[in-house]
**Student:** 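Dropping the structure in here first, questions after.
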Amino acid sequence: FSFVSRLMHCGWSLWAAAAALTCPIHLIDVRGTESNEQLRVKESSIRHLESLPGPLYLVAMLGVYRGGKSLALNRCMGLKAPYLNGFGVGHERETHTRGIDMCPETVPGLGTIVWMDTEGLFSAEDARDQHGAKLFSLALLFSSVVMLNNVRSLDENLVGYFEEQQGLARVLKEGLVDAGLQPEDLLPGNLSVIWTLSQPVQYDASGQAMSAMLERFLASGDPTRARLAREFRHASLEIPVAASDVAAWSRLDTLPDESLSPDFVNATAVLRQQVLDTLPQSRSLHPRACSHMLRLFTQVVETRNFDGSAAKEAFQIAEAESICGDFDKAVREGSGPLPSAKVSAAVEAASSVLEQRASSVAKRVLLGDGWHTRIADCRNAAEKEIVHSNFEALFVLWEAEVQDLAESGRDCFFLQDALVQFVRLGEKYSIASDRVALDRAKQFGTALQRARLAECATVGALVGPVLPYAAGPYLMVNMQRSVVGGVLQAAMWAVGIAGVIAVLQQFGQVPFWLAMDYRILREHSWALDFAMLLAPVAPWKHVVELLWWGGWAVTAAMVGARCWRGSGNVVGGLTVMELKLNDLRRRSDAELLARLADCALRAEWLGARGDPEAAIALASGLRVLVLDPSSTLSQQIVADPGRLAAAVDSVTFLTPPKDIFAGSLEKRVRRREWRALVSEAVNVLERCRG
């Protein structure tokens, strides 16, 4: 049963809120029997009034029925036909508005204007129950500006309504004094009244005729009018007929501006501007204070009984909201544009002023601890709101920076950097980041990280970090014979393979999973979920950079080892060079010995035949040793370099004796007795010469 009751209550509240959002909103109702109708405040409308952004400026339109009040109010609100969300326009002889209807309008830089359309005065209903004077008095008690609509001439009956209102004002003043309050604490002072003259006999756009008429109306010598002229601020304006065609009057709410009288359109625009210019100097109300004062004034108007406790409660609410409103304004002005690091200092400065004002009010009206509790609660709520606004401004700034980072495309992994930036912004603007704030930032950053990761995790992005590890073996294969040639060959192969892949991809012959722009994580949500599990804890950006540069380091090491195996050790490099030089020396010595053996065998063959070139052939083999006497081979196989040089230089075309060789050279060659071969050859040359 309890659950059903709560459910019905919530449903009723939602229905009432939805109904209250439809303009016009019925604020004051006329209830009761035909012989005893009374004014009643609609609580659903009061709750809607309390939800409006403050400050509130209540602007009421009073006047005779069928005088064009509703249409003029719609034009004052800036509406045009068919006046949706405006006041209803009546065409019958009976009045269209019953009680008081309202339509709120938010005006930037000012607050909320609550336009109020009242039931027409001197209607059949008013003549029956005489509640027109009550509505008139009620409107003057809580309005910021009152517009009095007259038709063709200023209505003398309005003076009686003003006198009735003044009587109620005296009751209120006496009651306020008895409750320890001042009349100006709740009653409006120097209320602005704008007298409008609709459908004038002769329209004067300059307004001089209307001003003169109002001046004569208020200066007739009547004490009531004299008091009326003294206690209110007066202005006047003429409003011509909306359309010259009488047949069109029944459908004025549907006529476009082009079909209306230009003077009427201009006059209503002037009236709106006149109201907007007057409101900054008029009384404004806080929404909660306005609702309490409206209940109090309605009770006084209806019963003429004054409730001192209700008046004191209304005063405390109005004063507390005024003090806290000024506190909020001072904090925001002292903080400057949000986010700001000056919020704490501004709160401290404004708090001292708030405490002084609150103490002054408490002493004047003799308020107890409840007043100070109310002020403390109001101050805490205002401080909480400005701190929350500061945090929200910080979060919006951070969101913009993170979105720019995500859309820039520079990094696939930015979640850690984004969270660090959030903390740094909080430190910059002196805003503490609690667990809830960090969780919210992490949630937003994770959502952006997920979207970014799904777009940038392509095959190319995944292959890129590990590609350097394949470059090393690839270059080593191509550099087996030559370093420079291997690098050029590797580059040519790489360009060729890339060209083939590009052509195949152009014709759609490459599998989608090999396409460099294939987005793996976007196509496989499970992989994206797994990646996001690791994204908050792993420094992916640094891991990718480490893989990339580590791969190139490995490749550089492999290529360097191929170019110079001892590149990492100077001694090892010199050893390799020494081994290569020794190898070259051994090859050179072998070639020299082979030539020496060949020349010796040829000389012995020619000498056996008695050929004069035998000595020449033998000398040509020994001449190499003479030309490089300091070589290791020369030092090993030449016993007497001087004797060898003399024997070689003295060789001529001589016919050697046939038995001079006798196979001795061939025997030394076969035994590889190179030192003995050289000595034997020198002996042969000397014998040929001698």
**Student:** Check this for me: does any side-chain nitrogen of one of Lys342 and Glu348 sit under 4.0 Å from a carboxylate oxygen of the other?
**Tutor:** no
**Student:** Identify the heavy atoms of Leu52 and Pro287 that sit nearest to each other, and give their distance.
**Tutor:** O-CG, 3.2 Å
**Student:** Within a reach of under 6.0 Å around CD of Gln208, are more than 12 heavy atoms found that belong to other residues, nucleotides or ligands?
**Tutor:** no
**Student:** Short question: side chain of Asn390, backbone of Ser340 - any donor-acceptor pair under 3.5 Å?
**Tutor:** yes
**Student:** Do Lys42 and Leu27 have side-chain heavy atoms sitting under 4.5 Å apart?
**Tutor:** no
**Student:** Does a side-chain heavy-atom distance below 4.5 Å link Leu397 with Pro339?
**Tutor:** yes
**Student:** What pair of heavy atoms forms the shortest contact from Leu79 to Asn85, and how long is it?
**Tutor:** CD1-O, 3.9 Å
**Student:** Side-chain contact, heavy-atom cut-off 4.5 Å: Leu154 with Met213?
**Tutor:** yes
**Student:** Taking atom CD of Glu43 as the centre, does the number of heavy atoms from other residues, nucleotides or ligands within less than 6.0 Å exceed 12?
**Tutor:** yes
**Student:** With a 4.5 Å heavy-atom cut-off, do Ser143 and Val146 have their side chains touching?
**Tutor:** yes
**Student:** How many angstroms lie between atom NE2 of His292 and atom CG of Leu186, to the nearest 0.5 angstrom?
**Tutor:** 12.0 Å
**Student:** Quick one: closest heavy-atom pair of Val145 and Ser282, and the distance?
**Tutor:** CG2-OG, 3.6 Å
**Student:** Look at the side chain of Glu238 and the backbone N and O of Gly207, then say whether any donor-acceptor pair between them is shorter than 3.5 Å.
**Tutor:** no
**Student:** Would you find a donor on one side and an acceptor on the other, under 3.5 Å apart, between the side chain of Trp195 and the backbone of Ser211?
**Tutor:** no
**Student:** Would Ser144 and Arg283 count as having a side-chain donor-acceptor pair, cut-off 3.5 Å?
**Tutor:** no
**Student:** Is a salt bridge present between Asp257 and Arg75, judged by a nitrogen-to-oxygen distance below 4.0 Å?
**Tutor:** yes
**Student:** Using atom types as modelled, flag every donor-acceptor pair under 3.5 Å from a side chain in residues 262-275 to any protein atom, sequence neighbours excluded.
**Tutor:**
residue: Asn266; atom: ND2; partner: Pro262; partner atom: O; Å: 3.2
residue: Thr268; atom: OG1; partner: Phe264; partner atom: O; Å: 3.0
residue: Thr268; atom: OG1; partner: Val265; partner atom: O; Å: 2.9
residue: Arg272; atom: NH1; partner: Cys76; partner atom: O; Å: 2.5
residue: Arg272; atom: NH1; partner: Glu105; partner atom: OE1; Å: 3.2
residue: Arg272; atom: NH1; partner: Glu105; partner atom: OE2; Å: 3.4
residue: Arg272; atom: NH2; partner: Glu105; partner atom: OE2; Å: 2.8
residue: Gln273; atom: NE2; partner: Asp277; partner atom: OD1; Å: 2.9

**Student:** Can you confirm whether Met77 sits close enough to Cys103 that some side-chain heavy atom of one is under 4.5 Å from a side-chain heavy atom of the other?
**Tutor:** yes
**Student:** Judged by atom type as modelled, is there a donor-acceptor pair below 3.5 Å linking the side chain of Thr373 to the main-chain atoms of Asp369?
**Tutor:** yes
**Student:** Between Asp328 and Ala382, which heavy-atom pair has the shortest distance, and what is it?
**Tutor:** OD1-O, 4.2 Å
**Student:** Within the side chain of Ser51, is there an N or O that forms a donor-acceptor pair under 3.5 Å with the backbone of His48?
**Tutor:** yes
**Student:** Can you list every ring pair (Phe, Tyr, Trp, His ring centres under 6.0 Å) pair that touches residues 162-181, not counting sequence neighbours?
**Tutor:** Phe136-Phe162, Phe162-Phe232
**Student:** Can you list everything that forms a side chain to side chain donor-acceptor pair (under 3.5 Å) with Glu156? Sequence neighbours excluded, please.
**Tutor:** Arg225
**Student:** For the atom pair OG (Ser352) and CZ (Phe327), what is the distance rounded to the nearest 0.5 Å?
**Tutor:** 9.5 Å
**Student:** Would a distance-only check, ignoring hydrogens and angles, find a side-chain to backbone donor-acceptor pair under 3.5 Å from Ser259 to Leu255?
**Tutor:** no
**Student:** For Asn150 and Asp155, indicate whether the former's side chain and the latter's backbone hold a donor-acceptor pair under 3.5 Å.
**Tutor:** yes
**Student:** Hey, what do you get for CG (Leu218) to CZ (Arg227), rounding to the nearest 0.5 Å?
**Tutor:** 13.0 Å
**Student:** Any luck finding a side-chain donor-acceptor pair between Ser137 and Glu164 under 3.5 Å?
**Tutor:** no
**Student:** Between Leu214 and His234, is there a side-chain heavy-atom distance shorter than 4.5 Å?
**Tutor:** yes
**Student:** Is the shortest distance from a Lys or Arg side-chain nitrogen in Arg374 or Glu313 to a carboxylate oxygen in the other one below 4.0 Å?
**Tutor:** yes
**Student:** Is the centre of the Phe87 ring less than 6.0 Å from the centre of the Trp115 ring?
**Tutor:** no
**Student:** Could Glu383 and Arg379 be called an ion pair, given the rule that one side-chain N must be under 4.0 Å from one carboxylate O?
**Tutor:** yes
**Student:** Got a second to check how far Gln165's CD is from Leu191's CG, nearest 0.5 Å?
**Tutor:** 8.0 Å
**Student:** With a 4.5 Å limit on heavy-atom distance, are the side chains of Met61 and Asn149 in contact?
**Tutor:** yes
**Student:** Could you go step by step and tell me if Met147 and Val193 meet the side-chain contact (heavy atoms from CB on, under 4.5 Å) rule?
**Tutor:** CA-CA 6 Å; Met147 294 182 289; Val193 178; over 6 Å; no
**Student:** For the residue pair Arg332 and Lys329, establish whether any side-chain heavy-atom pair is separated by less than 4.5 Å.
**Tutor:** no
**Student:** Quick one: CE on Met102 to CG on Asp117, what's the gap to the nearest 0.5 Å?
**Tutor:** 13.0 Å
**Student:** Considering non-hydrogen atoms only, spot the tightest contact between Gly63 and Lys69 and give its length.
**Tutor:** N-CD, 3.5 Å
**Student:** Spell out, as yes or no, whether a donor-acceptor pair under 3.5 Å connects the side chain of Ser359 to the backbone of Glu355.
**Tutor:** yes
